[in-house]
K.L.:
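Here it is, the structure, as C-alpha cells.
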Amino acid sequence: MNHRVEIEYCTQCRWLPRAAWLAQELLTTFEAELTELALRPGTGGVFVVRVDGEAVWDRREQGFPEPTAVKRLVRDRVAPGRSLGHSDRTAGGEGAPDGPDAPDG
C-alpha cells in the first residue's frame, strides 16, 4: 500500500528547518513505503505529523518529537513488524543534531 506523510509546521515560528530535517529522516527510513511526503505551512505554533490523514504527533499535546519516536509511529502504520534497528532499542532516542528544542511560538 502507498502512504502519505504530512508535516504541518508554523511559519511564524520559523520551524521549516525542523520540519525539513524530520521529512528527510522519514524519507530515508521509509523510501519504499512512502509515495509522498508533504511539508504544509501553518501558523499559530503548529507542528503536526500525519500519516494518511491521521495525526500521529501533535506538538501541542506531546511537545517536539524525537525522530526515533516519530519513526516508530510511522512504522507502525506503514510497515508494521519492521525493525528500525537501534531506534527500536532506545526509549527516548538520541537528541536532534540541531540542539535543544526551540521555545514555543
Side-chain angles (χ1 to χ4, degrees):
M1 183 175 184
N2 300 324
H3 299 279
R4 179 181 193 269
V5 170
E6 175 185 283
I7 301 172
E8 184 177 7
Y9 65 95
C10 180
T11 57
Q12 297 167 316
C13 303
R14 305 271 189 244
W15 288 338
L16 173 59
R18 181 185 300 268
W21 180 72
L22 183 57
Q24 176 184 328
E25 289 289 311
L26 293 173
L27 285 169
T28 301
T29 302
F30 301 106
E31 61 186 14
E33 292 84 5
L34 300 181
T35 55
E36 181 178 0
L37 193 145
L39 295 176
R40 181 176 173 197
T43 57
V46 67
F47 196 91
V48 178
V49 179
R50 295 180 183 89
V51 178
D52 298 328
E54 177 188 351
V56 297
W57 195 280
D58 188 332
R59 183 201 61 83
R60 289 188 178 129
E61 296 172 11
Q62 299 157 287
F64 276 109
E66 291 291 332
T68 54
V70 175
K71 285 181 184 182
R72 284 191 293 267
L73 291 167
V74 171
R75 183 268 320 269
D76 291 347
R77 285 157 179 81
V78 306
R82 177 176 158 196
S83 172
L84 293 176
H86 72 279
S87 295
D88 280 333
R89 293 189 295 272
T90 58
E94 298 84 41
D98 58 350
D101 290 333
D104 293 346

K.L.:
My understanding is that only residues two or more places apart in sequence, or in another chain, count here; which of them pass side-chain contact (heavy atoms from CB on, under 4.5 Å) with R4?
P.N.:
E6, E36, A38, D52
K.L.:
Could you tell me the separation between the CZ atom of R18 and the CZ atom of F64, rounded to the nearest 0.5 Å?
P.N.:
4.0 Å
K.L.:
Same hydrophobic cluster for F30 and V56, using side-chain heavy-atom links shorter than 4.5 Å among ILVMFWY?
P.N.:
yes
K.L.:
Please test R59 against W15 for side chain to side chain contact (heavy atoms under 4.5 Å, CB included), starting from the C-alpha separation and ending with a verdict.
P.N.:
CA-CA 12 Å; R59 183 201 61 83; W15 288 338; 3.5 Å; yes
K.L.:
Which distance, rounded to the nearest 0.5 Å, do you find between the OG1 of T43 and the CD of E8?
P.N.:
8.0 Å
K.L.:
Do you know the tightest heavy-atom contact between G45 and C10?
P.N.:
N-SG, 3.3 Å
K.L.:
If I compare all heavy atoms of R77 with all of H3, which pair ends up nearest, and what's the gap?
P.N.:
O-CE1, 3.8 Å
K.L.:
Side-chain heavy atoms nearer than 4.5 Å, only ILVMFWY residues, links allowed to pass through others: does that put L27 and F47 together?
P.N.:
yes
K.L.:
To the nearest 0.5 Å, how far apart are CG in L37 and CG in L26?
P.N.:
6.0 Å
K.L.:
Can T29 and R82 be said to form a side chain to side chain contact (heavy atoms under 4.5 Å, CB included), step by step?
P.N.:
CA-CA 11 Å; T29 302; R82 177 176 158 196; 4.1 Å; yes
K.L.:
Give the C-alpha distance, both sets of side-chain angles, the deciding distance and a yes or no for side chain to side chain contact (heavy atoms under 4.5 Å, CB included) between V78 and V51.
P.N.:
CA-CA 8 Å; V78 306; V51 178; 3.9 Å; yes
K.L.:
Would you please name every residue forming a ring-ring contact (aromatic ring centres under 6.0 Å, His included) with Y9, sequence neighbours left out?
P.N.:
none
K.L.:
Which pair of non-hydrogen atoms, one from P65 and one from L22, has the smallest distance, and what is that distance?
P.N.:
CG-CD2, 4.5 Å
K.L.:
What closest approach, in Å, do L39 and A23 show between heavy atoms, and which atom pair accounts for it?
P.N.:
CD2-CB, 4.0 Å
K.L.:
Roughly how far, to the nearest 0.5 Å, is the NZ atom of K71 from the CG atom of L84?
P.N.:
7.5 Å
K.L.:
If you define the side chain from C-beta out and look only at heavy atoms, does anything of L16 sit under 4.5 Å from T11?
P.N.:
no
K.L.:
Shortest non-hydrogen contact from W57 to Q62?
P.N.:
CA-OE1, 3.3 Å
